[in-house]
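Each remark here refers to the structure printed beneath this line.
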Amino acid sequence: MTTPTPAGPSDFIRELVAADRAAGKHAGRVVTRFPPEPNGYLHIGHAKSICLNFGIANENPGGICHLRFDDTNPTTEDPEYVEAIQEDVRWLGFDWHDKLFYASDYFERLYGFAVTLIKKDKAYVDSLSADQMRDYRGTLTDPGRNSPFRNRPVEESLALFERMRAGTFPDGTHVLRAKIDMASPNINLRDPVLYRIRHAAHYRTGTAWCIYPAYDFAHPLSDAIEGITHSICTLEFEDHRPLYDWVVAETDAPHRPQQIEFARLNLTFAVMSKRKLLELVEKNLVAGWDDPRLPTLKGLRRRGVTPDAIRAFCEHIGVAKRDAVVEMQLLEHFIREDLNKRSPRVMAVLKPLKVIIDNYPEQTVEELDAVNNPEDPSAGIRQVPFSRTLYIEQDDFREDPPKQFFRLAPGREVRLRYAYIIKCVGVVKDPQTGVITELHCTYDPETKSGASHEQRKVKATIHWVSAPHAVPAEVRLYHPLLTADLSKVTPDQDWTHYLNPQSLERLADCVVEPSLRGVQPGTRVQFERQGYFCVDPDSSAQTPVFNRTVSLKDAWAKIEKSQRLR
RNA sequence: UGGGGGAUCGUCUAGCGGUAGGACGCCGGCCUUUGGAGCCGGCUACCUAGGUUCGAUUCCUAGUCCCCCAGCCA
């Protein structure tokens with residue numbers, strides 16, 4: 001029997017957690033953690049992990065998810081990122097309560113665990129250079145060789161490790177290594193580095209330390225210290241798991257967390273690697289980490305995406321172990337679906353063309369009823385002013401209309417949304433340039449929108465804004481940043497030439513209906529026939545700035561169109 | 001060529017020995033007082049070869065392909 005897709009999210013990790021609870025493992029407790037390194041801003045890929053970890057904690061009674069900063073590398077980390085990451089997790093709608101931790105808070109305890117290991121002769125101070133170590137490590141197919149320092153007496157390692165901490169040695173002269181097996185087929189087990197010397201100021205511990213624990217040492221022990229039950233990470237750590245377990249076991253840590261791996265999120269046409277995102281920001285190829293063209297949470301927020309849409313997307317894509325590349329169209333679908341429900345429809349003209357209704361009284365202003373959201377009757381109606389002089393979209397008029405063009409043209413009729421049917425009776429051009437400067441139309445007073453009698457048919461309805469009431473606005477259209485799939489680009493290849501140099505289009509002469517005067521930053525609206533816009537949440541400009549990210553489909557259509565014209 | 005993982009519509013994902021389901025996408029139609037909206041219909045998949053079985057996407061065997069690992073990054 002085929003069963004329909006279950007209503008709630010379910011995946012192998014949730015099943016495993018459920019099985020552990022049922023078996024009474026960890027006394028039925030569920031403790032997860034989201035452990036970012038504060039070396040960049042969070043993006044949609046992190047959202048998958050956040051939704052998973054916090055989601056599992058929320059779904060299980062008494063479950064909790066810690067937020068832990070994995071800040072063990074002083075050279076890449078910055079408090080700016082710590083702040084931004086916390087904002088983003090909260091914005092996404094998750095709460096770590098009082099469970100905010102820093103791996104750097106464990107430095108003293110971690111040092112103690114390391115000393116324990118040395119005393120058990122399970123770790124030693126190695127004095128090989130980095131190059132020598134690489135040489136001794138062997139290759140994928142050849143086993144490694146023992147370091148000449150591997151059998152250093154425990155007392156000597158202990159003393160050396162103490163002096164490493166004291167700052168006696170320069171960077172790179174010594175490391176602390178686990179004593180496991182240099183011939184292991186798993187390279188991670190060939191005496192991995194546990195501590196390295198780094199004379200660098202840490203953003204939290206300052207210069208208190210000049211040795212820093214490596215991920216493979218700090219992470220399992222941080223999990224153990226915090227009583228994490230399920231340590232969920234991405235696939236590339238699968239062959240670190242034996243080391244993870246080794247560290248927890250050999251240090252006699254107070255608790256045995258379990259590492260579980262899942263496939264990270266890849267999105268087509270999105271720059272997701274922190275290295276590349278950093279490069280974009282540092283080379284000023286984008287305006288910052290919150291540039292709406294970026295898949296960062298801050299960027300998505302500025303283009304009007306809601307946390308609800310991101311969470312719905314993350315739930316839908318599922319959790320599995322196979323490598324996956326999700327299509328951008330799927331993300332866009334969830335964004336549209338969400339925005340459709342919540343964004344009021346308003347009228348705006350992006351490229352204005354003046355229209356004068358010759359037979360409409362000069363001083364008259366009518367207030368016409370407009371529906372705020374056809375999908376949500378509770379959103380109600382508003383009034384929009386109508387007058388003799390209007391703006392319509394330049395694209396809605398063609399002097400010489402092609403076959404499939406049904407909007408305004410000389411002698412033709414269209415309906416003005418919420419208003420009257422008008423007919424174009426005259427075209428005024430600049431005598432110098434020949435550019436159309438205004439249209440003259442007549443209106444039919446019998447055709448007012450909502451009038452119950454005799455429905456006249458017109459081929460098209462267009463939007464408009466009353467000129468004397470129009471509110472000036474700026475619109476920024478963000479096209480997809482990339483025109484190629486970056487996953488095909490090798491790490492050392494220059495990838496920035498794939499960026500679309502025309503990815504930002506600024507339209508300065510836009511007008512919007514008066515109901516948008518003084519609208520709050522962050523407000524999401526749908527412009528009639530133009531798509532979803534968000535009043536830039538972080539803009540302090542006098543005139544409202546509307547952001548819109550152009551969908552892949554539209555972007556491609558535009559590219560094709562421009563190619564046809566050539 | 002060592003080790004660790006993974007293969008189901010174009011893309012994600014379900015299935016746990018009994019007619020391969022959902023979503024996105026795409027195609028067609030309807031709607032037309034806006035649509036990047038809505039409604040209706042259609043499309044395409046079990047990596048290969050053997051075996052076990054009444055019956056295999058599911059179990060077994062062999063193979064193929066893809067991903068990850070040789071940082072004193074995480």
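Lettering of chains follows the sequences in order, A, B, ..., and the numbering in each one begins at 1.
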(message) Salt bridge check, A:R275 against A:E279: does any charged N sit closer than 4.0 Å to a carboxylate O?
(response) yes

(request) Please state whether the base of B:G35 and the side chain of A:Q526 form at least one donor-acceptor pair under 3.5 Å? (result) yes

(request) Would you verify whether the NZ or CZ of A:R417 falls within 45 degrees of the ring axis of A:W464 while also being under 6.0 Å from that six-membered ring's centre? (result) no

(message) Without decimals, in angstroms, what is the distance between A:M328 CE and B:G10 P?
(response) 22 Å

(message) If you compare every side-chain N and O of A:R137 against the phosphate oxygens of B:G71 (OP1, OP2), does one of them come in below 4.0 Å?
(response) yes

(message) Regarding B:G4, can its base be found pairing with the side chain of A:N186 as donor and acceptor, where the two atoms are less than 3.5 Å apart?
(response) no

(request) Measure from CZ on A:R417 to P on B:U32 and round the result to the nearest Å. (result) 13 Å

(message) Rounded to whole Å, please give me the gap between CZ in A:R14 and C1' in B:U13.
(response) 14 Å

(message) Within 45 degrees of the ring normal and closer than 6.0 Å to the centroid, is that where the cationic atom of A:R145 sits relative to A:Y136?
(response) yes

(message) Distance to the ring centre below 6.0 angstrom and angle to the axis at most 45 degrees; does that hold for A:R165 and A:Y111?
(response) yes

(request) Mind calculating the distance between CG (A:L128) and P (B:C72) to the nearest angstrom? (result) 11 Å

(message) I'd like to know if A:S449 reaches the base of B:U33 with its side chain such that a donor and an acceptor end up less than 3.5 angstrom apart.
(response) yes

(request) Please confirm whether any donor atom in the side chain of A:E375 sits under 3.5 Å from an acceptor in the base of B:G38, or the reverse. (result) no

(request) Using a cut-off of strictly less than 4.0 Å, decide whether A:R196 has a side-chain nitrogen or oxygen near OP1 or OP2 of B:C73. (result) yes

